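Quantities reported herein were computed from a predicted structural model and do not represent experimental measurements. Side chains are part of it too, since the values below use all heavy atoms of this structure and drop only hydrogens, waters and symmetry mates.
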Amino acid sequence: MTTGGCLCGAVRFRIAGAFEHFFLCHCSRCRRDTGSAFAANLFSCVATITWEGDPACRRLFQLPGTRHARGFCARCGAALPSEQMDGALLVVPAGCLDTAPDIAPEAHLCHASRADWDHDLETLPKRDGLSG
């Protein structure tokens, strides 16, 4: 059982079943969705989700004319899972999980369209806390 929720706690969920894929996507849509270098999403066609908390806080934004969608909490804006393709696919942002997923990222998608500043990041100093 995998659990997770939004930042403010208004929406919680439990996921039963396995994730089949874990991708890091660098496309411009995913970068805009996350405000970061990439989106880290898990995918499953077999897992089921049980929602808890305030159902009025669950939202889905579907970019018109595309398959691109993003689940989020209406109260705090945090990313949430979304059921896509008429419920055939569960997409789960890795950052909203309480527990580590049972699979590791398997590929960088749309790497050629990554942000101009997204290179050699592994060479930056590592700190355990916030700066200054």
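When side chains are defined from C-beta on, Ser113 does not count as touching Ser28, because their heavy atoms never get closer than 4.5 Å. For the pair Val91 and Phe43, the minimum side-chain heavy-atom distance is below 4.5 Å. With contacts defined as side-chain heavy-atom distances shorter than 4.5 Å, the pair Cys6/Arg58 does not qualify. Counting only heavy atoms from C-beta outward, the side chains of Leu42 and Leu97 approach each other to under 4.5 Å.
For the pair Arg32 (side chain) and Arg29 (backbone), a donor-acceptor distance under 3.5 Å is absent. Formation of a donor-acceptor pair under 3.5 Å by the Arg59 side chain with backbone atoms of Ala56 is found in this model.
Sorted by first and then second residue, the salt bridge (Lys or Arg N to Asp or Glu O under 4.0 Å) pairs involving residues 77-93 (not counting sequence neighbours) form an empty list. Pairs passing the salt bridge (Lys or Arg N to Asp or Glu O under 4.0 Å) check and including a residue from residues 94-105, sequence neighbours excluded, read Arg12-Asp98. The salt bridge (Lys or Arg N to Asp or Glu O under 4.0 Å) pairs that include a residue from residues 118-132 number zero, where partners must be two or more places apart or lie in different chains.
Other residues, nucleotides and ligands contribute over 12 non-hydrogen atoms within 6.0 Å of the CG atom of Leu63.
Between Arg114 atom CZ and Cys30 atom SG the span is 15.5 Å, to the nearest 0.5 Å. Atom-to-atom distance recorded for Leu24:CG and Ser36:OG is 10.5 Å, nearest 0.5 angstrom. To the nearest 0.5 angstrom, Gln62 atom CD is 6.5 Å from Gln84 atom CD. Put simply, OG1 on Thr50 and CZ on Arg14 are 5.0 Å apart, with the number rounded to the nearest 0.5 Å.
Between Leu90 and the options Thr48, Val46, Ile49, a side chain to side chain contact (heavy atoms under 4.5 Å, CB included) holds for only Ile49.
Ring planes of Phe38 and His108: perpendicular class, angle over 60° (limits at 30 and 60°). Under the 30°/60° scheme for interplanar angles, the aromatic rings of Trp51 and Phe13 are found to stand perpendicular.
Across every non-hydrogen atom of Gly71 and Leu60, the tightest pair is N-CD1, 3.9 Å. The two residues Cys25 and Cys110 come nearest to each other via the heavy atoms SG-SG, 4.1 Å. A pairwise comparison of heavy atoms in Leu7 and Cys76 identifies N-SG, 3.6 Å as the closest pair. In terms of heavy-atom proximity, Cys57 sits nearest to Arg75 at SG-NH2, 3.9 Å. Closest approach of Phe72 and Gly77 over heavy atoms only: CB-O, 4.0 Å. Nearest heavy atoms, Arg31 versus Ala37: CG-O, 3.3 Å.
Met85 and Leu109 end up in the same hydrophobic cluster when Ile, Leu, Val, Met, Phe, Trp and Tyr side chains are linked at under 4.5 Å.
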